[in-house]
Amino acid sequence: MSKVIPRSADALTAIGAYIEAQRQAGYAFETVRLRGTLLTEFLEHVLDEEKVTSLTAEELVQPEHADSWLGAAHAGKTRRRNTLLGTDAVAAYDSQRARIQTYNAFTDALGLSSLRRAYPPSGYGDRLEPEQAWNLLRTLAVKRPTGANAATAIRTAAVAALVTATGRSVPELQKLDITAVDLERRPVPVIQVDDVAHPLDKHTVEILRRWLDVRASITKELEGTDPGYLWIPTKPGRARGGVEPPKPGLTRAAVRTLHSAHRTLVLQVFGAPLRPYSLLPRR
């Protein structure tokens with residue numbers, strides 16, 4: 001960011017100014033919201049620990065305060081909702097990485113880059129164990145959080161189920177057409193990805209059938225032939241430059257759309273914004 005926020009400002013005011021600057025700079029809505037949430041969590045934790053009602057921005061970001069916050073978050077003590085792994089589960093790897101990224105970006109905005117912290121080493125991150133992955137899939141398939149779009153929720157569950165069943169990434173699955181799916185094949189239903197037929201278990205088949213039913217209800221509104229994309233937008237996009245967006249079904253859902261929907265829904269039911277790769281088996 002080009003504009004340095006006064007480090008002597010009240011911490012809450014500085015956070016507000018930082019978030020607004022991020023918004024004005026064109027950062028993604030989800031990124032801005034997450035950083036605002038994490039910095040507010042940071043401030044509330046430190047105020048409670050120090051038994052004070054206010055701090056300056058520079059006081060807030062001192063290393064001992066960051067250590068205390070990150071330690072409490074890792075232990076699950078800053079959690080506001082239950083998660084699939086229980087209330088006592090440690091913080092997800094990606095959540096801690098997001099906290100450090102947010103802390104570093106905020107200290108940069110304060111002109112205190114010397115306080116930046118090292119990022120956790122790369123690795124499996126939040127790669128779930130098989131039983132955890134199955135529990136998450138089951139939850140995604142049956143639980144629709146308040147305010148979530150039903151069609152988007154089942155599409156997200158279907159994408160996640162295929163990531164698990166095939167070991168393929170979202171970009172690999174995003175390009176598929178409905179002709180790649182053969183749920184009637186005997187003895188085992190399959191999905192074809194790059195000339196490889198991946199067998200599908202009955203639970204994945206059930207979730208995929210639900211998505212195909214939802215997809216059919218969307219595409220029946222089209223005028224003309226269904227283009228046949230497996231993954232389609234579940235609602236119209238926004239008009240741009242006065243031009244109305246194409247109806248859902250006429251275009252293929254973008255990789256970023258599928259990723260964003262997954263992270264948003266999983267954040268609500270799991271408590272951490274896990275990416276689809278978390279469902280891939282460890283190698």
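In what follows, every heavy atom counts, from backbone to side chain, and hydrogens, waters and symmetry copies are set aside.
Nearest heavy-atom pair, Asp201 versus His203, reported as atom, atom and distance to 0.1 Å: OD1-N, 2.9 Å. Here the closest non-hydrogen pair linking Leu43 and Leu60 is CA-CD1, 3.9 Å. The minimum heavy-atom distance between Pro199 and Ala197, with the atom names listed, is CD-O, 3.6 Å. Closest non-hydrogen pair, Ile15 versus Phe106, comes out as CG1-CZ, 3.9 Å. Shortest non-hydrogen contact noted between Ala261 and Thr152 is CB-CG2, 3.8 Å. Contact record, Leu115 with Gln62: CD1-NE2, 4.4 Å, taken as the closest heavy-atom pair.
Atom CD1 of residue Ile191 and atom OG1 of residue Thr166 lie 7.0 Å apart, to the nearest 0.5 angstrom. For the atom pair OH (Tyr18) and CZ (Arg35), the distance works out to 4.0 Å, reported to the nearest 0.5 Å. Atom CG of Asp194 and atom CD of Gln192 lie 9.0 Å apart (nearest 0.5 Å). Atom CH2 of Trp69 is separated from atom CD of Glu44 by 11.5 Å, given to the nearest 0.5 angstrom. Summarising the geometry, atom CG belonging to Asp213 is positioned 11.5 Å from atom CD1 belonging to Ile218; distances are rounded to the nearest 0.5 Å. For the atom pair CG of Leu183 and CD of Glu206, the computed distance is 12.0 Å after rounding to the nearest 0.5 Å.
With a 4.5 Å cut-off on side-chain heavy atoms, Leu200 and Val188 do not count as touching. The shortest distance between side-chain heavy atoms of Ile5 and Thr13 does not fall below 4.5 Å. Two residues are said to be in side-chain contact when any heavy atoms from C-beta on lie closer than 4.5 Å; Glu50 and Glu59 fail this criterion. In this structure, the side chains of Ile178 and Arg215 come closer than 4.5 Å at one or more pairs of heavy atoms. For the pair Ile19 and Val32, the minimum side-chain heavy-atom distance is below 4.5 Å. Residues Leu55 and Leu12 form no side-chain contact, since every pair of their non-hydrogen atoms from C-beta on lies 4.5 Å or further apart. Put simply, the side chain of Arg117 reaches to within 4.5 Å of the side chain of Leu70, judged on heavy atoms. Contact check for Leu162 versus Trp231: side-chain heavy atoms found under the 4.5 Å cut-off.
Distance alone, capped at 3.5 Å, places no donor-acceptor pair between the Arg7 side chain and the Leu112 backbone. Ser68 contributes no side-chain N or O that, together with a main-chain N or O of Glu64, makes up a donor-acceptor pair within less than 3.5 Å.
Hydrophobic clustering (ILVMFWY, side-chain heavy atoms < 4.5 Å, transitive): Val190 and Leu230 are in distinct clusters. In the hydrophobic cluster analysis, where Ile, Leu, Val, Met, Phe, Trp and Tyr join through side-chain heavy atoms closer than 4.5 angstrom, Val205 is grouped apart from Val196.
Between Tyr103 and Phe42, the ring planes lie perpendicular to each other; the angle is over 60°, past the 30° to 60° tilted range.
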Just list the side-chain donor-acceptor pairs under 3.5 Å for residues 250-258, sequence neighbours left out, or say none.
from	atom 1	to	atom 2	distance (Å)
Arg252	NH1	Lys175	O	3.0
Arg252	NH1	Leu176	O	2.8
Arg252	NH1	Asp177	OD1	3.2
Arg252	NH2	Asp177	OD1	3.2

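Evaluation of the side chain to side chain donor-acceptor pair (under 3.5 Å) rule for Arg155 yields no partner, not counting sequence neighbours. Gln24 pairs by the side-chain contact (heavy atoms from CB on, under 4.5 Å) definition with Glu20, not counting sequence neighbours.
For CZ of Arg116, the number of neighbouring non-hydrogen atoms (other residues, nucleotides, ligands) closer than 6.0 Å is greater than 12.
Looking at Glu184 and Arg209, a side-chain N of the basic residue comes within less than 4.0 Å of a carboxylate O on the acidic one, giving a salt bridge.
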